[in-house]
Every structure is written in C-alpha cells, then in structure tokens.
Amino acid sequence: MSAQLLDGKVMSEALRGEIALRVAALKEKGVTPGLAVILVGEDPASQIYVRNKGVGCEQVGIHSVTIRLPETTAQAELEEHIRRLNADESIHGILVQLPLPKGLDEAAALAVIAPEKDVDGFHIQNAGKLLNGLPGVVACTPKGALEMIRRTGIDLNGKEAVVVGRSNIVGKPMAMLLLQQNCTVTMCHSRTVDLAAHTRRADILVAAVGKAKFITADMVKPGAVVIDVGINRVDGKVVGDVDFDAVREVAGWITPVPGGVGRMTITMLLANTVEAAERTLHA
C-alpha cells in the first residue's frame with residue numbers, strides 16, 4: 001500500500017488561516033507585523049523565493065518590504081541596510097536572501113541582524129538557544145518539517161530518527177528539534193560509512209543532502225515517515241532527495257517535491273514574523 005501523502009500545500013493553507021487570525025488580533029492592538037527581505041543580485045531561484053514570500057505576506061496581512069540591491073553591493077553597504085532595519089520599529093522580521101553574491105560574507109551579514117528580528121533563525125544566538133533547549137527563533141525549514149511530522153499523529157517519544165545532511169540551515173537544527181521531541185537521533189553525512197544501515201533503522205527519516213533521488217526504497221524502513229527537504233533540478237523538473245515513486249511504496253508517510261516542505265518553509269517564516277511582532281507587545 002502506498003504511503004500517506006504529507007501535503008505541504010494543504011497543511012500550509014490551514015496554518016496560514018491561523019496566522020491571519022493572529023495578524024488581525026495584533027492589528028486590533030495597533031501592531032502590524034512587518035517583514036523586510038534584502039535581495040542582493042539577480043539569482044533566479046532567489047527571485048522566485050522572494051516573490052513567494054511577498055505573496056504569503058499579502059495572504060495573511062503582513063506588511064512586506066523588499067530591498068533590492070545590485071550584485072556589486074559592498075559588504076559595508078549591505079550591513080548598513082540591516083542596521084537601519086534593526087532600528088525600524090515597523091519591521092519585526094529581517095531576512096537576507098541567501099546565497100549572497102561572491103565577495104560578500106554571509107556569516108558577517110547575518111550576525112548584524114538583531115537576534116529578535118532574525119526570523120530565519122540563522123543568527124548564532126538563536127542557534128545557540130536551540131542547542132540549549134531555550135526559547136528562540138527556529139530555522140523555518142526544520143520548523144516546518146517538524147510540524148509535518150507532528151501531523152502524522154505519531155508519538156515521537158523514543159522513536160529512531162535519522163537526519164541525512166549536516167548543514168547549519170537544515171540538518172543540525174532538525175536534529176536538535178527531534179532530540180527535543182525525545183527521539184533517538186542519528187545524524188548522517190557524506191562521510192558516513194554504510195549509510196543505508198542507519199537509514200533502514202529510522203522511524204523518522206529526513207533527507208537534506210541536495211542530491212536528486214539519493215534515498216532509494218531499499219534504504220527505507222517499512223512504515224517510516226520520510227521527509228524530503230531536497231530541491232534539485234533534473235531535466236527541467238524539480239525533484240527531491242528521495243526517489244519518491246519507489247519510496248512511497250515502502251514508507252508509511254512521505255512528503256512530495258514540490259508541494260511538501262518548501263511550502264511549509266515560507267509559512268514558518270510568516271509564523272516567525274508574527275511571533276516577533278507578538279513579542280513586542282510584552283517587551
């Protein structure tokens with residue numbers, strides 16, 4: 001029997017309805033959540049992401065600002081834009097669209113963002129809070145992936161979870177979130193010996209390696225929850241890190257690509273922005 005589909009579009013629409021209600025409640029108290037996105041250069045994928053973020057903001061009632069800078073922008077100029085947004089009380093969330101053009105220091109730019117406005121969850125202070133189990137902003141993709149896992153209704157206590165990929169953006173925070181849910185977590189990567197031996201034990205398998213159809217059916221435990229974070233282009237089509245057609249015959253639940261985690265990522269960005277605005281009421 002084929003796996004149940006974890007439809008990111010359906011989940012996202014439901015969550016955006018809830019977010020819109022929270023935005024309306026904030027506006028009644030005189031606060032309009034504001035998100036500023038800084039886009040440097042003309043990267044086509046980044047242009048699409050930024051446009052989708054703008055559409056999402058409009059859908060839920062968030063004030064959205066996009067600052068478009070040329071590829072020739074200097075580091076000091078980029079950081080000055082961030083500082084101005086830090087000081088702007090109408091802006092609750094700041095996002096620097098990655099990747100930045102060559103010659104710009106991403107880590108240095110992200111470090112300038114005020115931690116409370118870091119709605120991407122990439123600031124070292126927020127990453128440190130996650131590591132220590134403290135409240136803070138959680139990176140949007142792993143936050144969205146965890147929400148999808150929760151919606152299976154599975155009790156995560158004691159479950160074996162395997163994360164394939166160790167990036168700061170997805171792999172590491174995903175592992176921390178699963179650990180906080182009392183999963184037993186294994187993190188795998190390009191140097192892992194006999195990767196399939198690890199993945200076949202996983203009740204929860206998260207693929208975030210950036211290699212098309214890397215996870216095959218023989219690597220998946222029957223009935224597992226398979227979360228595909230990958231976005232790869234093959235012959236003009238977008239595919240994930242999981243061989244979807246084959247793995248769905250083995251797994252219990254699976255996310256599609258497109259239409260899975262990617263949609264939830266933007267929704268979590270909207271949620272993080274609203275949470276940042278809500279915090280200002282109690283500051």
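Keep in mind that the numbers below use all heavy atoms, side chains included, and drop hydrogens, waters and symmetry copies. Heads up: numbering here begins at 1 and tracks the sequence.
Heavy atoms only, all atoms of each residue included: Val261 and Asp228 are closest at CG2-O, 3.6 Å. Between Pro99 and Ser46, the shortest heavy-atom contact is CD-OG, 4.2 Å. Shortest non-hydrogen contact noted between Ala224 and Ala251 is O-CB, 3.4 Å. Scanning both residues, Asn168 and Pro173, for their nearest heavy atoms gives O-CD, 3.2 Å. When all heavy atoms of Ala161 and Leu178 are compared, the closest pair comes out as CB-CD1, 3.9 Å. A pairwise comparison of heavy atoms in Ala212 and Val234 identifies CB-CG2, 3.7 Å as the closest pair.
Taking OG1 of Thr267 as the start and CD1 of Ile19 as the end, the distance is 6.0 Å to the nearest 0.5 Å. To the nearest 0.5 Å, the span separating CG on Asn157 from CD1 on Ile154 amounts to 12.5 Å. The CG atom of Leu195 sits 10.0 Å away from atom NE2 of His189, with the distance rounded to the nearest 0.5 Å. Interatomic distance, Leu179 CG to Met174 CE, rounded to the nearest 0.5 Å: 11.5 Å. The CD atom of Gln97 sits 10.5 Å away from the CZ atom of Arg68 when rounded to the nearest 0.5 Å. Taking CG of Asp88 as the reference point, atom CD1 of Ile94 lies at 8.5 Å (rounded to 0.5 Å).
Both Val138 and Val185 are members of a single hydrophobic cluster when ILVMFWY side chains are connected at heavy-atom separations under 4.5 Å. Cluster membership for Val209 and Val239, using ILVMFWY side-chain heavy atoms within less than 4.5 angstrom, is not shared. Taking hydrophobic clusters as Ile, Leu, Val, Met, Phe, Trp and Tyr residues chained together by side-chain heavy-atom distances below 4.5 Å, Leu270 does not share a cluster with Val137. Neither Val162 nor Leu177 shares a network with the other; the hydrophobic side chains, linked directly or stepwise wherever heavy atoms of I, L, V, M, F, W or Y lie under 4.5 Å apart, form separate groups for each.
Arg51 has its side chain out of reach of Thr66: every pair of non-hydrogen atoms, C-beta onward, lies at least 4.5 Å apart. For the pair Val206/Val164, no side-chain contact is recorded, criterion being any heavy-atom separation below 4.5 Å from C-beta on. In this structure, Val23 and Ile62 have side chains that are in contact, with non-hydrogen atoms separated by less than 4.5 Å. Side chains of Val37 and Val65 form no contact here, defined as non-hydrogen atoms less than 4.5 Å apart. In this structure the side chain of Thr141 reaches within 4.5 angstrom of the side chain of Val229, judged on heavy atoms. The shortest distance between side-chain heavy atoms of Asn272 and Cys140 falls below 4.5 Å. Residues Leu69 and Leu78 meet the side-chain proximity criterion, which asks for heavy atoms closer than 4.5 Å. Using a 4.5 Å cut-off on side-chain heavy atoms (C-beta onward), Leu35 and Leu269 make contact.
Atom CZ of Phe244 sits in a crowded spot, with more than 12 heavy atoms from other residues, nucleotides or ligands closer than 6.0 Å. Counting heavy-atom neighbours within 6.0 Å of Leu21 CG, excluding the residue itself, gives a total above 12. Enclosure of atom NZ in Lys211 is not indicated, since only 12 or fewer non-hydrogen atoms of other residues, nucleotides or ligands lie within 6.0 angstrom.
Here the side chain of His92 pairs a donor or acceptor atom with the backbone of Gly34 at under 3.5 angstrom. Side-chain N or O atoms of Lys117 include one that pairs as donor or acceptor with a backbone N or O of Ile91 at under 3.5 Å. At least one donor-acceptor pair closer than 3.5 Å links the side chain of Gln75 to the backbone N or O of Asp105. A distance-only check finds no donor-acceptor pair linking the side chain of Glu71 to the backbone of Leu100 [under 3.5 Å]. In this structure a side-chain-to-backbone donor-acceptor pair under 3.5 Å is missing from Asp120 to Leu95. Counting only distance, with no hydrogens or angles, the side chain of Asn182 and the backbone of Gly158 share no donor-acceptor pair below 3.5 Å. Between the side chain of Glu160 and the backbone N or O of Cys183, no donor-acceptor pair lies under 3.5 Å. A side-chain donor-acceptor contact under 3.5 Å links Lys159 to the backbone of Asp155.
Residues Arg279 and Glu116 are not paired through a salt bridge, judged by the lack of any N-O separation under 4.0 Å between the basic side chain and the carboxylate. Between Glu13 and Lys9 there is no salt bridge, since no side-chain N of the basic residue sits under 4.0 Å from a carboxylate O of the acidic one. Of the charged side-chain nitrogens involved, at least one lies within less than 4.0 Å of a carboxylate oxygen, so that Asp203 and Lys221 count as a salt-bridged pair. Classification of Glu18 and Arg22 as a salt-bridged pair fails, no side-chain N sitting under 4.0 Å from a carboxylate O.
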**OP:** Could you walk me through whether Gln4 and Arg248 pass the side chain to side chain donor-acceptor pair (under 3.5 Å) test, one step at a time?
**Re:** CA-CA 8 Å; Gln4 295 183 55; Arg248 74 180 305 182; over 6 Å; no
**OP:** Begin from the C-alpha positions of Ser2 and Glu249 and carry the test side chain to side chain donor-acceptor pair (under 3.5 Å) through to its verdict.
**Re:** CA-CA 5 Å; Ser2 294; Glu249 300 304 320; 2.9 Å; yes
**OP:** Tell me, with the steps shown, if Ser12 and Arg16 meet side chain to side chain donor-acceptor pair (under 3.5 Å).
**Re:** CA-CA 6 Å; Ser12 183; Arg16 290 187 190 196; 3.2 Å; yes
**OP:** Start with the C-alpha gap between Ile67 and Leu39, add the side-chain angles, then the distance that decides, and say whether side chain to side chain contact (heavy atoms under 4.5 Å, CB included) holds.
**Re:** CA-CA 6 Å; Ile67 298 171; Leu39 176 61; over 6 Å; no
Original post:
Are Lys143 and Glu147 close enough, and set up right, to give a salt bridge (Lys or Arg N to Asp or Glu O under 4.0 Å), and what steps lead you there?
Top reply: CA-CA 6 Å; Lys143 184 175 182 176; Glu147 184 64 29; over 6 Å; no
Subject >> Derivation of the side chain to side chain contact (heavy atoms under 4.5 Å, CB included) call for Leu205 and Val225 >> reply: CA-CA 6 Å; Leu205 176 59; Val225 178; over 6 Å; no
Original post:
Step by step, would you call Ile169 with Phe122 a side chain to side chain contact (heavy atoms under 4.5 Å, CB included)?
Top reply: CA-CA 7 Å; Ile169 294 173; Phe122 294 163; 3.6 Å; yes
**OP:** Test side chain to side chain contact (heavy atoms under 4.5 Å, CB included) on Val220 and Arg200 and set out the steps.
**Re:** CA-CA 5 Å; Val220 176; Arg200 277 195 291 265; over 6 Å; no
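With Ile113 as reference, Asp118 is the one residue of Leu85, Asp118, Asn126 to meet the side chain to side chain contact (heavy atoms under 4.5 Å, CB included) rule.
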